[in-house]
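See structure below.
When a ligand or atom number is given, it counts from 1 through the structure's own listing order. Worth saying up front: this structure is predicted, and the values here are computed from it rather than measured.
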Amino acid sequence: METLSIDHVGIAVENIDEAIKLYIEKMGMKLIHREEIPDRGLKVAFLTGKEGETAVELLEPINHEDPNNTVAKFLKSRGQGMHHLAIKVEDINSSLRELENKGLTLIDRTGRKGARGHLVAFVHPKSVMGLLLELVQENH
Ligand SMILES: C[C@@H](C(=O)O)C(=O)SCCNC(=O)CCNC(=O)[C@H](O)C(C)(C)COP(=O)(O)OP(=O)(O)OC[C@H]1O[C@@H](n2cnc3c(N)ncnc32)[C@H](O)[C@@H]1OP(=O)(O)O
């Protein structure tokens, strides 16, 4: 499998509106996309720099008290900060098979719809040296 690019860095935050303001006003980024994903119980926002390279994805749980919400759980146990790294691939399902064959532990066995309508899947941090890895395939 080949990584096409580093798609985004996911950052868990307690308050997405305050976080967006910080990234725009203090770091000079621009907001390129915002949505709520009720299926995953998340509010997300994507920001980039002027050159539009790798994005930052801010993630806030819709319900901070939901014990099944992975980001709410993360905020309670580890606090705000980097949550995952997402790489872009051409074919998410064949990449997942390849990673599994190489001994990595998959969280998702197939790509499913994530933010921006793209297909996404996660690989367990215990098999990526503590990093929660996301694969993203642009859904054309
Ligand atoms: C919208 C979409 C998109 O981009 O399109 C998204 O971003 S969705 C973004 C949100 N969705 C996801 O995160 C889905 C994938 N994540 C998951 O399924 C889960 O968060 C797991 C990674 C399996 C962890 O769940 P689990 O219930 O096992 O949590 P836990 O608190 O007991 O943690 C088990 C171990 O994993 C570690 N751990 C938990 N979350 C971690 C993270 N984000 N990065 C690195 N390590 C992490 C804990 O510290 C712990 O390590 P120790 O055992 O050493 O203490």
Show me the donor-acceptor pairs within less than 3.5 Å that the side chains of residues 27-36 make with the rest of the protein, sequence neighbours left out.
residue, atom, partner, partner atom, Å
His33, NE2, Glu35, OE2, 2.8
Arg34, NH1, Asp17, OD1, 3.1
Arg34, NH2, Asp17, OD1, 3.1
Glu35, OE2, Arg116, N, 2.6

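When the side chain to side chain donor-acceptor pair (under 3.5 Å) test is applied to His124, no partner is found at least two apart in sequence or on another chain. In this structure Asp66 satisfies the side chain to side chain donor-acceptor pair (under 3.5 Å) test with no other residue, sequence neighbours excluded.
For Arg97 and Glu100, the salt-bridge test passes: some basic side-chain N is under 4.0 Å from an acidic carboxylate O.
Smallest separation of non-hydrogen atoms from Phe74 and Met82: CZ-O, 3.3 Å.
Among protein residues, His8, Ile37, Arg40, Leu42, Glu57, Leu59, Thr70, Val71, Lys73, Phe74, Arg78, His83, His84, Ile107, Gly114, Ala115, Val120, Phe122, His124, Pro125, Gly130, Leu132, Glu134 come within 4.0 Å of ligand 1, judged on heavy atoms.
Here the side chains of Lys126 and Thr105 are in contact, with some heavy-atom distance below 4.5 Å.
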